[in-house]
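Per chain, numbering begins at 1; letters A, B, ... match sequence-line order.
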Number of protein chains: 2
Amino acid sequence: MAAANPQFLFDFGSPNAYLSHLVIPEIEKRTGAKFEYVPILLGGIFKMTNNRSPMEAFSGIKNKLEFHAIETRRFLQRYHLQPYTMNPFFPVNTLLLMRGAVAAEFDGVLDRYVDAAYHHMWNEPKKMDDVEVAVKAMTSSGLDAERLFTRTRDDEVKNRLMENSQNAVARGAFGSPTFFVGDEIFFGKEQLRDVEELLVAQKA
Amino acid sequence: MAAANPQFLFDFGSPNAYLSHLVIPEIEKRTGAKFEYVPILLGGIFKMTNNRSPMEAFSGIKNKLEFHAIETRRFLQRYHLQPYTMNPFFPVNTLLLMRGAVAAEFDGVLDRYVDAAYHHMWNEPKKMDDVEVAVKAMTSSGLDAERLFTRTRDDEVKNRLMENSQNAVARGAFGSPTFFVGDEIFFGKEQLRDVEELLVAQKA
């Protein structure tokens, strides 16, 4: 039996998930594995686990956010990435965008949707929780944004996002980015190294 | 000019520092580097940075301590280590033991002191903040514990431990274990991999 695809649980609001998204293609190339992108609502996971973003949780702790920045600098160096542009509207409420990802998945256009949404969140950052801004941006990237965002009102879409988030917590998630290889959970962009190691080991 | 020795900032109260201590000899063997052991008071660093132990900080967050246990399990596997025995008196106040480490450093017996103290904290765990227990344990390991613990009352010893801890925070530390390679700071036993990578790169 072939090993299950690794999973990447993502929310467009997390810059560390964005950086992971940039690295996943080269890991896929090196390992031959194909990541399954699983839309979750990070705010929902935080509520269910009583967790907070690093920015909130570490803000009162001396040196901790600075160390977080050092880790990001090292990650960018390791994978030869450019620094992201901090979204000036951070934190962006991603409910619409994440429901849109589920709708895009139902429509078979998740890959393009993910690339476009990440672009407009962290590459040319916009206030993507403003529906007009979001429609305009995603349309400019060639997506049928009107259709996708209309579908975000469907129960099927809403429920799927909630179920994905609840399942994530049931499997051990508490933040972003989270990866699964089978039942093995990995947390944080730094652990993409461990994900890759395990994928290589499984292949051997 | 030769690269400076890597530094390991340690407190006997931290199980993650203990596990790092077990791995350092093999990293020294592979890289040819020799780690400098720098005694710090973790409780002091927590006070200066407003930080807390993972056990406290994560106790209210679902899945977080469980993930911490997964990381430890993976660390043990990676380095072929046995699980440590949780010290039943945890958290042990390590002020006496850490001042004793400074005294041992002054006396040129830090290596033996460190091995012995870690043994009695995490291998055959005892209530090492009880001075009688500590004297007996360290004496049984062949150290002049009476002399060392008497010296913990010297200002020279007290001040050195305080200075080490203050310097650590000034250089970016906030918890345990912390490592420095030159000015590059690393945090957490998992980052011993990064420490080793940097040591290898510096050598090349």
Side-chain angles (χ1 to χ4, degrees), chain A residues 9 40 44-54 56-75 77-78 165-198 201, chain B residues 9 40 44-54 56-75 77-78 165-198 201:
Chain A
L9 279 56
I40 52 90
I45 288 184
F46 282 164
K47 262 190 201 155
M48 284 184 265
T49 58
N50 195 32
N51 199 6
R52 292 179 298 167
S53 73
E56 289 174 84
F58 300 161
S59 67
I61 301 171
K62 191 175 161 69
N63 290 335
K64 193 103 172 158
L65 278 173
E66 289 82 353
F67 183 72
H68 207 254
I70 290 170
E71 287 190 300
T72 295
R73 190 241 303 151
R74 288 182 185 145
F75 185 87
Q77 283 175 341
R78 176 178 297 277
S165 308
Q166 286 168 343
N167 286 342
V169 171
R171 295 174 74 194
F174 51 85
S176 170
T178 296
F179 311 94
F180 284 99
V181 181
D183 286 333
E184 289 287 318
I185 185 171
F186 298 89
F187 172 70
K189 64 187 182 303
E190 283 70 25
Q191 296 203 348
L192 272 172
R193 295 169 71 184
D194 304 83
V195 168
E196 183 165 357
E197 271 189 8
L198 182 53
Chain B
L9 280 56
I40 52 89
I45 289 182
F46 282 163
K47 263 189 201 155
M48 284 185 266
T49 58
N50 195 32
N51 198 6
R52 293 179 298 167
S53 72
E56 288 173 86
F58 300 161
S59 66
I61 301 170
K62 191 174 161 68
N63 290 337
K64 190 102 171 155
L65 279 173
E66 288 81 353
F67 183 73
H68 206 255
I70 290 170
E71 287 189 299
T72 294
R73 191 240 304 151
R74 288 182 185 145
F75 186 87
Q77 282 174 341
R78 175 178 297 276
S165 308
Q166 287 169 341
N167 286 343
V169 171
R171 296 174 74 195
F174 51 85
S176 173
T178 295
F179 310 94
F180 284 99
V181 180
D183 286 333
E184 288 288 318
I185 186 171
F186 298 88
F187 172 70
K189 63 188 183 303
E190 283 70 25
Q191 296 203 348
L192 273 172
R193 293 169 72 183
D194 304 83
V195 168
E196 182 165 357
E197 271 190 8
L198 183 52

Undergrad: Is chain B contacted by the side chain of A:A173, its backbone, both, or neither, given a heavy-atom distance below 4.5 Å?
TA: backbone

Undergrad: Measure the spacing between CD of B:E190 and CD of A:Q191 and express it to the nearest 0.5 Å.
TA: 7.0 Å

Undergrad: Answer with side chain, backbone, both or neither: which region of B:R78 has an atom nearer than 4.5 Å to a non-hydrogen atom of chain A?
TA: side chain

Undergrad: Indicate the atoms forming the closest heavy-atom contact of A:M48 with B:K62, along with that distance.
TA: O-CD, 3.9 Å

Undergrad: Side chain, backbone, both or neither: which part of A:E184 has an atom under 4.5 Å from a heavy atom of chain B?
TA: both

Undergrad: Please flag which part of A:I70 lies under 4.5 Å from any non-hydrogen atom of chain B: side chain, backbone, both or neither.
TA: side chain

Undergrad: Short question: side chain of B:N50, backbone of A:G60 - any donor-acceptor pair under 3.5 Å?
TA: yes

Undergrad: So, do A:R193 and B:D194 sit near enough that their side-chain heavy atoms are less than 4.5 Å apart?
TA: yes

Undergrad: Counting heavy-atom pairs under 4.5 Å with chain B, which one of A:E71, A:R52, A:K64, A:E66 comes out on top?
TA: A:K64

Undergrad: Has the side chain of A:N51 got a donor or acceptor atom that lies under 3.5 Å from a matching backbone atom of B:I61?
TA: no

Undergrad: Where on B:R171 is there a heavy atom nearer than 4.5 Å to chain A: the side chain, the backbone, both, or neither?
TA: neither

Undergrad: Please give me the minimum heavy-atom distance between A:F67 and B:F174, naming the atom from each residue.
TA: CB-CE2, 3.4 Å

Undergrad: Given that the side chain runs from C-beta out, which part of A:F46 has a heavy atom under 4.5 Å from chain B: side chain, backbone, both or neither?
TA: neither

